[in-house]
Protein chains: 2
Amino acid sequence: MPDLSASARPVVTRKDVARLAGVSTAVVSYVVNGGPKNVAPATQEKVRQAITALGYRPNVTARALKMGSSRILGMVVPKISSPFFASLAQAVEQAAEQEGYAMLLGDSRDSLTVERRHLSNFADRQVDGVFLCSVVNHRPEVSELDGRGIRTVLLNFSEYPLEVDAIGPEFVGSSRRAVEHLASHGHRDIALVQGFVTGNTLDGREFGWREALKGMGASEGRIFRCSFDRAGGYDAGRRFLALTERPTAVFITSDEQAVGFLRALHEAGLRVPEDVAVMSFDGSEESEFSWPPLSTVRQPVQQMAEAGVRAIIGTGRDEPPRTQVFDCELVLRRSCGCDEP
Amino acid sequence: MPDLSASARPVVTRKDVARLAGVSTAVVSYVVNGGPKNVAPATQEKVRQAITALGYRPNVTARALKMGSSRILGMVVPKISSPFFASLAQAVEQAAEQEGYAMLLGDSRDSLTVERRHLSNFADRQVDGVFLCSVVNHRPEVSELDGRGIRTVLLNFSEYPLEVDAIGPEFVGSSRRAVEHLASHGHRDIALVQGFVTGNTLDGREFGWREALKGMGASEGRIFRCSFDRAGGYDAGRRFLALTERPTAVFITSDEQAVGFLRALHEAGLRVPEDVAVMSFDGSEESEFSWPPLSTVRQPVQQMAEAGVRAIIGTGRDEPPRTQVFDCELVLRRSCGCDEP
DNA sequence: CGTTTTTGTTGACTCGAGTAGATGCCGCTG
DNA sequence: CAGCGGCATCTACTCGAGTCAACAAAAACG
């Protein structure tokens with residue numbers, strides 16, 4: 001039987017290192033941090049050796065207490081199993097890690113109550129900043145964080161408020177271009193599948209779609225409103241199919257919804273893009289492997305995440321909040337009629 | 001112009017509360033924690049009022065330092081944008097939150113180096129436990145955590161080591177049942193699409209598939225090895241299509257791979273399940289909305305997560321590690337031949 | 001050689017909360 | 001009324017690391 005009595009956990013502290021190296025604890029700190037004061041090279045060497053000999057690792061919690069900074073960022077998403085938020089979380093985590101920050105993840109499960117709980121929880125934990133993908137489109141939530149001096153960045157908002165940092169895609173223009181592309185395949189009757197948006201403002205995607213229709217002098221298009229997930233898209237698809245005179249193309253506000261919509265179409269035996277052309281929004285990996293592969297508007301997730309991290313850790317407490325809008329790329333695959341085999 | 005000079009951050013501490021309530025700081029602690037000593041009801045009331053009046057929130061970092069526990073759990077996944085790991089992360093986060101814990105997420109991006117970095121980072125941050133979905137199938141990584149007294153739970157391992165807590169699905173039996181189900185539709189030639197597994201042991205899914213074939217007295221089946229993602233499945237699909245004599249059914253080791261495999265089949269104009277029947281593993285949401293909807297083996301993600309949290313926070317440091325294996329449910333949809341419209 | 005400057009090191013205080021041990025107060029009992 | 005027990009409260013130390021003021025020793029300067 002192997003000796004597993006490891007539990008004798010000999011927590012090594014700065015003091016132990018100091019003792020072994022024959023110096024004071026202050027010097028140890030100076031060495032570890034390249035600290036505010038110089039240390040003679042010979043002493044540095046002694047300390048370094050003591051550190052490796054004992055396997056000392058500084059206690060991050062103590063540091064956090066003293067410095068008032070945990071080097072932790074929080075991220076709140078409505079649903080991590082949504083591929084778009086997952087890729088966003090991935091990108092944020094990566095950008096944060098590069099700067100030496102860790103990321104707390106909070107999944108709101110589409111509930112405002114849970115979202116609030118996460119936010120207040122993160123605040124209590126003294127995170128240095130929060131990325132918020134809210135389930136709603138206003139920001140009373142942010143005030144609490146703001147009051148506690150926690151920098152917050154709104155992600156994926158369809159309207160850009162000025163009182164707080166916000167980062168998101170250029171919804172209107174890229175949506176317009178996407179719809180215009182459908183038109184370039186000869187479609188005149190282009191419907192919109194639009195996720196529910198709270199608040200009284202128009203979603204940028206809807207606005208872009210309207211602009212495009214107006215621009216091509218088309219009649220007013222149909223709108224199918226549904227939840228922002230696969231089931232919502234499926235449901236919208238069923239309603240679409242029930243129509244007697246169906247639009248020939250659809251612009252859908254997320255890849256996830258598009259996948260659900262496609263399933264409804266397939267069930268009914270309709271072909272994409274021959275019977276109905278489809279264009280969606282987000283550009284998640286899922287869009288590439290659906291059938292047919294989805295033409296979509298790809299958000300520059302990586303860049304947005306990096307900008308967000310910079311906004312949080314590289315910004316003074318007194319600088320005014322900024323809104324940063326990112327251009328998207330039209331990814332043309334089969335579902336719109338391009339790229340035929 | 002509104003006065004946004006909020007930055008005067010009046011961090012309220014226990015001391016302020018004590019002063020306002022006219023008591024000592026100890027009493028404040030006792031009230032906040034239902035602390036180890038009693039406090040007279042009248043005094044409690046005074047303290048409570050002072051707390052709300054000042055908007056006091058205890059500093060979690062300080063508490064963590066004193067108590068040696070951060071009330072944070074870490075979770076490391078190979079890729080959060082994989083729908084299965086996303087749902088796992090969601091479940092873990094929810095279970096953790098219910099117990100008052102927050103969850104740090106680390107995405108390894110399929111790299112062992114990054115995984116190690118996360119693990120050591122989490123250890124430095126004094127997390128109370130770690131959920132590890134490793135990119136490899138052995139566990140040298142765990143020793144460091146173990147040495148620092150951090151309880152670790154291995155998730156989604158295809159082999160169950162005894163030296164450390166492990167939680168996972170019952171791979172062998174459920175895979176066998178899945179393959180037997182394909183056989184019950186009349187298939188005799190059933191291939192396997194198997195994700196790459198490091199280590200010298202057989203993946204439980206592969207073992208179950210072999211068992212099923214043996215049980216039905218079938219000839220040895222074909223294996224297509226590929227990476228554990230959509231692209232891998234697509235690639236396997238292309239190789240499958242290149243065969244002159246194709247198996248009539250396929251068992252695929254994850255939903256993600258299955259989605260890629262389906263795309264390859266569609267491209268070639270093959271029908272599922274008529275030309276090729278498909279059965280996959282995991283039971284993520286994605287499987288429900290692919291075309292055709294995937295028959296799959298659903299892992300009880302919620303239960304596994306809850307068991308994991310219990311294993312971490314409800315287990316003494318000296319109790320021996322346990323392996324917990326969970327039964328899976330066969331979800332029959334269209335891709336295997338069931339549920340025809 | 002005496003004085004200033006520089007450099008290296010240290011002791012001691014700080015962050016904010018948990019809690020053991022000491023202290024004081026009340027009422028009850030003998 | 002002394003003595004005791006029980007309760008409420010406070011004082012003071014602790015967790016581990018950051019850093020400043022103070023000091024000592026060495027270097028630079030006149």
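Owing to the predicted nature of the structure, the values given are computational and were not obtained by experimental measurement. In the text below, chain A, chain B and the rest are named by the order of the sequence lines, each starting its count at 1.
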> Quick one: side chain to side chain donor-acceptor pair (under 3.5 Å) partners of A:S29, sequence neighbours excluded?
Replying inline: A:R14
> Considering residues at least two apart in sequence or located in another chain, which fulfil the side chain to side chain contact (heavy atoms under 4.5 Å, CB included) criterion with A:Q94?
Replying inline: A:Q90, A:Q98, A:Q302, B:R109
> Hey, are the side chains of A:L88 and A:C133 touching, using non-hydrogen atoms and a 4.5 Å cut-off?
Replying inline: yes
> First contact, last contact: which nucleotides of DNA chain C are these for chain B, 5' to 3', heavy-atom distance under 4.0 Å?
Replying inline: C:dG16 to C:dA22
> Heavy-atom distance under 4.5 Å between the side chains of B:F122 and B:V76, does that happen here?
Replying inline: yes
>> Using a strict threshold of under 4.0 Å (side-chain N to carboxylate O), is an ion pair present between B:D165 and B:R322?
In response: no
> Who passes side chain to side chain donor-acceptor pair (under 3.5 Å) against B:S24, sequence neighbours left out?
Replying inline: none
> Excluding sequence neighbours, so at least two apart, what forms side chain to side chain donor-acceptor pair (under 3.5 Å) with B:S70?
Replying inline: none
>> I'd like to check the side chain to side chain contact (heavy atoms under 4.5 Å, CB included) partners of B:E99; sequence neighbours left out, ordered by chain and number.
In response: B:Y101, B:V309, B:I313
>> Is a donor from one side chain sitting under 3.5 angstrom from an acceptor on the other, for A:Q126 and A:S69?
In response: no
> How large an angle, rounded to 10°, do the end axes of the helix from C:dC1-D:dG30 to C:dG30-D:dC1 enclose when each is built from five base pairs?
Replying inline: 60°
> Got a sec, which residues hit side chain to side chain contact (heavy atoms under 4.5 Å, CB included) with B:R19, two or more places apart in sequence or on another chain?
Replying inline: B:D16
> With a 4.0 Å cut-off on heavy atoms, is A:T13 in touch with a base, just the backbone sugar-phosphate, or nothing at all?
Replying inline: sugar-phosphate
> By salt bridge (Lys or Arg N to Asp or Glu O under 4.0 Å), which residues pair with A:K46, not counting sequence neighbours?
Replying inline: none
>> What does the B/S/- profile of nucleotides 4-12 of chain D look like, 5' to 3', with a 4.0 Å heavy-atom cutoff to protein?
In response: ----SBBB-
>> Under the rule for side chain to side chain contact (heavy atoms under 4.5 Å, CB included), what residues qualify as partners of A:P58, not counting sequence neighbours?
In response: A:V32, A:Y56, A:R63
What N/O pairs connect the protein and nucleotides 25-29 of chain D at under 3.5 Å? Give each pair on its own line.
none

